[in-house]
Amino acid sequence: MNNQDPAHRSEAKDAAEAHVFETDPNAPGRKHFNPLLKMVLELGPLLVFFFANARGEWIAERVPFLADIGGPIFVGTACFMIATAIALSVSWALTRTLPIMPLLSGIIVLVFGALTLWLQDETFIKVKPTIINSMFGLILLGGLVFGKSFLGYVFDSAFRLDAEGWRILTFRWGVFFLVMALLNEVIWRNFSTDFWIAFKVWGNMPLSIIFTLLQLPLMQRHALPEEGEAKSES
């Protein structure tokens, strides 16, 4: 017989629902994900898309049902959708939580990927980065208005910052995402599909790495001591 009163059961239910998604970056007891595995799960689908587009005909010959989808970009889109679903499933299986930013990105990938395949119009998959980057930028900047530094949900496995550090870094990344959205619009509207795909992998990634390196001084100033160091000092 369950002796818990309705209020306690309601609180337990709310707590379970709250942990479906990642908790605050500096929340006590937050489960930290291996940084390398997290990076693989978040960047892996993009690399699958690049490879599948480059070898679309080769893949279609070996996977018969993909041959009916269309040209390389459509094969790449289908593989991108499958890889995204697998990455989110693995993340859930390992942590029993869903990473907020990759989840939002994954939803858009699946929606726009489905439209691309259904209508056989590559425009939808090309517009996707514009929408994702714009959405991330607006979410990060909008979160700051309500006192939330959402960037911490993405990078907390790699490093720990104080609240002010997360706030400044979130603002900078919010602006960066909006710039990348504008850049994607310029490229897909003025260059070939192959150039756009190459830039999506070999342009976006280096620019993101360079931008991240430029934030190192800020991150060093606002870094929190490791838990072991904090205990030894006390």
Side-chain angles (χ1 to χ4, degrees), residues 38-92 98-141 154 173-212:
K38 186 170 185 176
M39 183 176 68
V40 169
L41 291 176
E42 294 179 2
L43 296 181
L46 180 60
L47 295 177
V48 168
F49 174 64
F50 176 78
F51 174 81
N53 178 79
R55 304 296 300 276
E57 295 180 0
W58 180 85
I59 294 174
E61 290 176 0
R62 288 157 177 78
V63 185
F65 81 90
L66 291 177
D68 298 327
I69 289 178
I73 190 170
F74 299 107
V75 173
T77 299
C79 293
F80 193 16
M81 294 169 65
I82 294 170
T84 298
I86 291 174
L88 288 172
S89 299
V90 171
S91 181
W92 171 260
L98 291 172
I100 293 178
M101 302 296 268
L103 176 62
L104 293 174
S105 176
I107 291 172
I108 293 179
V109 166
L110 295 176
V111 170
F112 278 78
L115 287 172
T116 300
L117 298 177
W118 181 36
L119 300 175
Q120 289 291 292
D121 187 345
E122 62 189 42
T123 299
F124 290 102
I125 203 67
K126 289 180 177 179
V127 171
K128 177 190 69 66
T130 299
I131 294 177
I132 288 179
N133 285 323
S134 297
M135 182 185 68
F136 283 176
L138 293 175
I139 287 174
L140 292 179
L141 296 177
V154 180
W173 272 97
V175 173
F176 176 76
F177 277 126
L178 294 181
V179 171
M180 294 302 291
L182 179 61
L183 186 58
N184 182 71
E185 281 296 293
V186 171
I187 290 176
W188 84 259
R189 291 178 183 274
N190 295 280
F191 296 89
S192 68
T193 297
D194 287 340
F195 182 88
W196 171 79
I197 292 174
F199 179 82
K200 183 175 171 61
V201 177
W202 308 117
N204 283 355
M205 195 176 299
L207 285 175
S208 299
I209 291 173
I210 291 172
F211 181 79
T212 300

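- Atom CG in Leu115 sits 9.5 Å away from atom CD1 in Ile125 (nearest 0.5 Å).
- With sequence neighbours excluded, the residues satisfying ring-ring contact (aromatic ring centres under 6.0 Å, His included) with Phe176 are Trp173, Phe211.
- To the nearest 0.5 Å, atoms CG (Leu178) and CG (Leu182) are separated by 9.5 Å.
- Applying the salt bridge (Lys or Arg N to Asp or Glu O under 4.0 Å) rule to Lys126 yields the partners Glu122; only residues at least two apart in sequence or on another chain are considered.
- Within the structure, side chain to side chain donor-acceptor pair (under 3.5 Å) pairs that include any residue of residues 178-187 comprise Thr130-Asn184, Thr130-Glu185, Asn184-Trp196, Glu185-Trp188, Glu185-Arg189 (at least two apart or interchain).
- Within the structure, salt bridge (Lys or Arg N to Asp or Glu O under 4.0 Å) contacts touching residues 71-92 (residues at least two apart or in different chains) do not occur.
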Which atom pairs, one a donor and one an acceptor, fall under 3.5 Å between side chains of residues 75-87 and the rest of the protein, sequence neighbours left out?
from	atom 1	to	atom 2	distance (Å)
Thr77	OG1	Ile73	O	2.7
Thr84	OG1	Phe80	O	2.8

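- Residues that satisfy the side chain to side chain donor-acceptor pair (under 3.5 Å) test with Asp194, not counting sequence neighbours, are absent from this structure.
- For Asn133, the side-chain contact (heavy atoms from CB on, under 4.5 Å) test picks out Pro129, Phe177, Met180, Ala181, with sequence neighbours left out.
- Checked against side-chain contact (heavy atoms from CB on, under 4.5 Å), Ile209 has the following partners two or more places apart in sequence or in another chain: Met205, Leu213.
- Listed by chain and residue number, Leu103, Val111 satisfy the side-chain contact (heavy atoms from CB on, under 4.5 Å) test with Ile107 (two or more places apart in sequence, or in another chain).
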